[in-house]
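Below, read A as the first sequence line, B as the second, and so on, with proteins coming before strands; counting in each chain starts at 1.
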Amino acid sequence: MLDLHGYLPLILKGTLLTVEVAVLSLLMAILLGLIGAAAKLSGSRGVRLLAQVYTTVIRGVPDLVLMTLIYFGGQILVNDIGDRLGWDYVDVSPFAAGVLTIGFIFGAYLTETFRGGIMAVSRGEIEAGHAYGMTPRQVFFRITMPAMVRHALPGFSNNWLVLAKTTALVSVIGLHDMVYNAGQAGGATRQPFTFYLLVALLFLVLTGVSDIGLRWVERRYSVGVRKA
Amino acid sequence: MDVNVILENIPLYIEGMWVTVQLVVLSLILGLALAVPLALVATSRRRFIAFWPRAYIYFFRGTPLLVQMFMIYHGTAQFDWLKDSALWVVFKEAYWCALIAFALNTAAYTGEMLRGAIAQTPFGEVEAARAYGMSRWTRFRRIILPSACRRALPSYGNEVIFMLHGSALAGVITIVDLFGAAKIVNARHFVPFESFMAAGFFYLCLTLLIVWIFRIAETHWHAYMRPREEEGEEKGSFPARSAPAYAAKGL
């Protein structure tokens, strides 16, 4: 059934792009998530409100709508600003728009994950850090962060798996990821089902491999934790 | 910002919203109807029987909805026997394809949720039912399923929201849902910012509506748990109420 008419390399090239988009947007999401979590736990009411608006709005609007908004709308916005500053016409690449949007969306989800993780870190450990005379920044990076990882990992894994699947949307804004390439190959060979099935299986491989990797990380970070 | 374009096109958005609501409600009903037997079979003790629904769930949860929808909409054209059959009336229509894809997808997620909830049924409840002499099926219908549904309610709320968001994909295959309406407005007037922003606003309203409905549903069906509410923070409530108890200490 899987006669690919020599289109396998094209699909695999798309797979590589999919992975690239996923990893880059994950990095951005982690950064935003940490900032968001810090903001949500901050003492300033304004900052907390801002973070709340961010997570509520992002989680209330479909990813596809956000992506087209950032891709098409961002194009106009950037050039409006550019016009005033006297830049030349700027082309927002679908790659940048895709990574930015997905990173932006999952930053909101990771904000919640990280906030929960940070709140689960035992207060005594943090107080001990303060007692040693560490600055708040040192306490955060030396104590809160490493201890938070274990609590945040299950949520993090879940978000990563959803993120990996969300990358399929970049094909809608014209990025040549594996879904887009499967459409091309399927159209050319008149076997769209075969190629979409192949892509679906590749997604299963991707999520399967990350599942194994994440379980390994989870075991490492749970060393020394007694299980019931 | 050109608000007038949006105001002029409000009827189109309303029409799109109606299609979105239709798609979401229908796929949720179909999905739930499919999820219950799926979960029941997946909890079977016989490995060989439980394997099939679990494989189904694994496939549909592990692959993007977009790909599933493309497989059904674009993919089915590959099979001549299907094209020649009476079923083609269904598979040639984007609307039905989207609906089938959404229903199959949400069935997998809901099925997994229910499977987990059924597996967690306190054994005492089952034992009590047995002591009353209930048959297997009666036990499932009267005890296990209602109790599992209660436990699955908060995560089901999230699934409904995911379905609403996922339904925007219908706009990709020419259906004029809320997202499709925004696409049309953008194509006619070239106002990407305004058109998609308006769609986003309507989606946000629908999301908040769903959140509100589920909050009422939870207070109703979880009433028996109320005195013990302080024990732990509710999971899955959306949007998560921020609890800045930690805030005083700073980071």
Chain A shares the most heavy-atom pairs under 4.5 Å, among B:F162, B:Y203, B:F196, with B:F196
Cut-off 4.5 Å, heavy atoms of chain A, and the answer for B:I210 is neither
Checklist line | Side-chain donor-acceptor contact under 3.5 Å, B:E159 with B:T110 | finding: no
Quiz item: Any donor and acceptor pair, going by atom type alone, linking the side chain of B:T106 with main-chain N or O of B:F102 inside 3.5 Å?
Solution: no
Cut-off 4.5 Å, heavy atoms of chain A, and the answer for B:F70 is both
Heavy-atom distance under 4.5 Å between the side chains of A:F156 and A:I30, does that happen here? yes
Among residues 204-213 of chain A, those lying within the under-4.5 Å heavy-atom range of chain B are A:L204, A:T207, A:G208
When the 4.5 angstrom heavy-atom criterion is applied to B:L66 and chain A, the contacting part is side chain
* Asked: Taking everything shown except A:F104 itself, do over 12 heavy atoms lie less than 6.0 Å from its CZ?
  -> no
Under 3.5 Å, which donor-acceptor pairs link side chains of residues 169-182 of chain A to any protein atom two or more places apart or in another chain?
unit_1	atom_1	unit_2	atom_2	d
A:S171	OG	A:A168	O	2.8
A:D177	OD1	A:V179	N	3.4
A:D177	OD1	A:Y180	N	3.0
A:N181	ND2	A:L10	O	3.0

### Task
Please tell me if the side chains of A:D63 and A:T101 come closer than 4.5 Å, counting only heavy atoms from C-beta onward.
no
Checked A:Y196, A:Y71, A:F72 vs chain B; the most non-hydrogen pairs under 4.5 Å come from A:Y196
When the 4.5 angstrom heavy-atom criterion is applied to A:I76 and chain B, the contacting part is side chain
In terms of heavy-atom pairs under 4.5 Å with chain B, the winner among A:G187, A:G183, A:A200 is A:A200
Let me check something: any side-chain donor-acceptor pairs from residues 55-64 of chain B under 3.5 Å, sequence neighbours excluded? List them with distances.
unit_1	atom_1	unit_2	atom_2	d
B:Y56	OH	B:L104	O	2.9
B:T63	OG1	B:F59	O	2.9
B:T63	OG1	B:Q68	NE2	2.8

Show every donor-acceptor pair shorter than 3.5 Å between a side-chain atom in residues 15-24 of chain B and any protein atom, with sequence neighbours excluded, or say none if there are none.
unit_1	atom_1	unit_2	atom_2	d
B:T20	OG1	B:G16	O	3.3
B:T20	OG1	B:L178	N	3.0
B:Q22	OE1	B:Y95	OH	2.8

Between B:S195 and B:K183, does any side-chain donor sit less than 3.5 Å from a side-chain acceptor?
-> no
